[in-house]
Amino acid sequence: VQRKVHRPLHICFCSHEMATEINVSNPKLKRTLLRFQAKIAEGDYYEAHQTLRTIANRNVRSKSYGDAIDLLYHGAQILLQSSQPATGSDLTSYLIDVYNESDTKVTTESKARLIQLISLFDPQEPSLKHVGVEAVNWSINHGECQYGDGDIHNALGQKFVECDSL
């Protein structure tokens, strides 16, 4: 009998300047993400974003949701750390769409991805509110809390407190 180990939620609220560690088990995904990271380093944000989105679409159509989630999470993280909030926000929203389509439940891992991405948003970023609503709605529909996951609410609350134009 395998026992479920409960671990506290540890999330790295890393500096926007830190490099993103790409930790995926699929070597093909890792190569794709390394090419994506190279395009970002060259300043080719649009092409990198569109290429990653296209590959994620293929994964979703073939129901390879885990691969799509990994691509979108790491891609959004890299873009947000590269001061590309519009494209980072787009991939974050798409990640939530994939969570919904794949019926991904609220787990420590699934919400940690969203909380990490939320932490990378500039508090003044207009799309943060939309991403927040999507994240909370996903956690209501796929979690156990009637009003959404408390950790996601907390991460959003911390971001909005940083915003001086409330």
Side-chain angles (χ1 to χ4, degrees), residues 8-24 29-30 32-57 60 68-101 104 106-143 145 147-166:
L9 181 61
H10 293 287
I11 297 157
C12 174
F13 289 95
C14 303
S15 162
H16 294 273
E17 305 303 318
M18 292 180 70
T20 299
E21 181 182 332
I22 297 173
N23 186 16
V24 294
L29 285 181
K30 187 161 189 151
T32 299
L33 286 164
L34 289 171
R35 283 194 308 271
F36 173 78
Q37 209 167 26
K39 290 254 185 239
I40 295 298
E42 295 167 6
D44 199 351
Y45 305 111
Y46 180 78
E47 183 179 338
H49 170 256
Q50 290 303 309
T51 300
L52 195 72
R53 205 172 208 298
T54 300
I55 295 168
N57 280 333
V60 169
I69 287 167
D70 282 341
L71 279 173
L72 293 167
Y73 168 66
H74 288 292
Q77 193 175 30
I78 292 165
L79 286 165
L80 289 167
Q81 289 174 332
S82 301
S83 299
Q84 296 298 308
T87 52
S89 173
D90 176 65
L91 293 185
T92 303
S93 289
Y94 192 17
L95 172 64
I96 297 167
D97 289 345
V98 173
Y99 273 6
N100 284 315
E101 183 174 330
T104 297
V106 175
T107 64
T108 301
E109 182 182 13
S110 62
K111 71 179 173 182
R113 283 188 200 104
L114 290 180
I115 292 169
Q116 175 63 28
L117 294 175
I118 289 166
S119 77
L120 296 173
F121 274 81
D122 182 299
Q124 300 286 341
E125 172 56 38
S127 62
L128 177 59
K129 181 179 177 186
H130 177 71
V131 166
V133 168
E134 289 179 320
V136 169
N137 286 339
W138 163 74
S139 73
I140 289 169
N141 294 324
H142 299 281
C145 299
Y147 300 108
D149 183 79
D151 292 328
I152 292 174
H153 278 290
N154 187 45
L156 289 164
Q158 288 176 355
K159 271 296 159 181
F160 292 134
V161 164
E162 292 175 30
C163 182
D164 54 332
S165 65
L166 288 175

Subject >> side chain to side chain donor-acceptor pair (under 3.5 Å) partner of His49, the single match among Asp90, Thr54, Thr87 >> reply: Asp90
**OP:** Give, for atom CD1 of Ile115 and atom CG of Leu120, the distance between the pair rounded to the nearest 0.5 Å.
**Re:** 12.5 Å
Original post:
How many angstroms lie between atom CD of Gln37 and atom CD of Gln81, to the nearest 0.5 angstrom?
Top reply: 8.5 Å
Original post:
Is there side-chain contact between Thr51 and Arg35, with at least one heavy-atom pair below 4.5 Å?
Top reply: no
Original post:
To the nearest 0.5 Å, how far apart are CG in Leu91 and CD1 in Ile78?
Top reply: 10.0 Å
Original post:
Is it true that a side-chain atom of Lys111 and a backbone atom of Asp151 form a donor plus acceptor pair closer than 3.5 Å?
Top reply: no
**OP:** Measure the shortest side-chain to side-chain distance between Phe36 and Leu79 over non-hydrogen atoms and say whether it is less than 4.5 angstrom.
**Re:** yes
**OP:** Determine the minimum heavy-atom distance between Phe160 and Lys129, stating which atoms define it.
**Re:** CZ-CA, 4.1 Å
**OP:** Report yes if some heavy atom in the side chain of His142 is under 4.5 Å from a heavy atom in the side chain of Thr104; otherwise report no.
**Re:** no
Original post:
Rounded to the nearest 0.5 Å, how far apart are CD of Gln77 and CZ of Arg113?
Top reply: 11.0 Å
Original post:
How close do Leu71 and Ala56 get, heavy atom to heavy atom, and via which atoms?
Top reply: CD1-N, 4.2 Å
Subject >> Spacing of Gln116 atom CD and Leu80 atom CG [to the nearest 0.5 Å] >> reply: 9.5 Å
Subject >> Atom pair CD (Glu162) and OG (Ser119), whose distance is rounded to the nearest 0.5 Å >> reply: 9.5 Å
Subject >> Short side-chain to backbone donor-acceptor contact, His153 and Tyr147, under 3.5 Å >> reply: yes
**OP:** Considering non-hydrogen atoms only, spot the tightest contact between Gly75 and Leu33 and give its length.
**Re:** N-CD2, 4.2 Å
**OP:** Quick one: closest heavy-atom pair of Leu114 and Ala135, and the distance?
**Re:** CD1-CB, 4.1 Å
Original post:
For Tyr94, which of Val98, Thr92, Ile96 qualifies under side-chain contact (heavy atoms from CB on, under 4.5 Å)?
Top reply: Val98
Original post:
Any side-chain donor-acceptor pair under 3.5 Å between Gln84 and Ser82?
Top reply: no
Original post:
Looking only at heavy atoms, what is the nearest atom pair of Ser89 and Ser127, with distance?
Top reply: OG-OG, 2.9 Å
Subject >> Closest non-hydrogen atom pair between Gly88 and Ala76, with its separation >> reply: O-CB, 3.7 Å
Original post:
Within the side chain of Tyr99, is there an N or O that forms a donor-acceptor pair under 3.5 Å with the backbone of Trp138?
Top reply: no
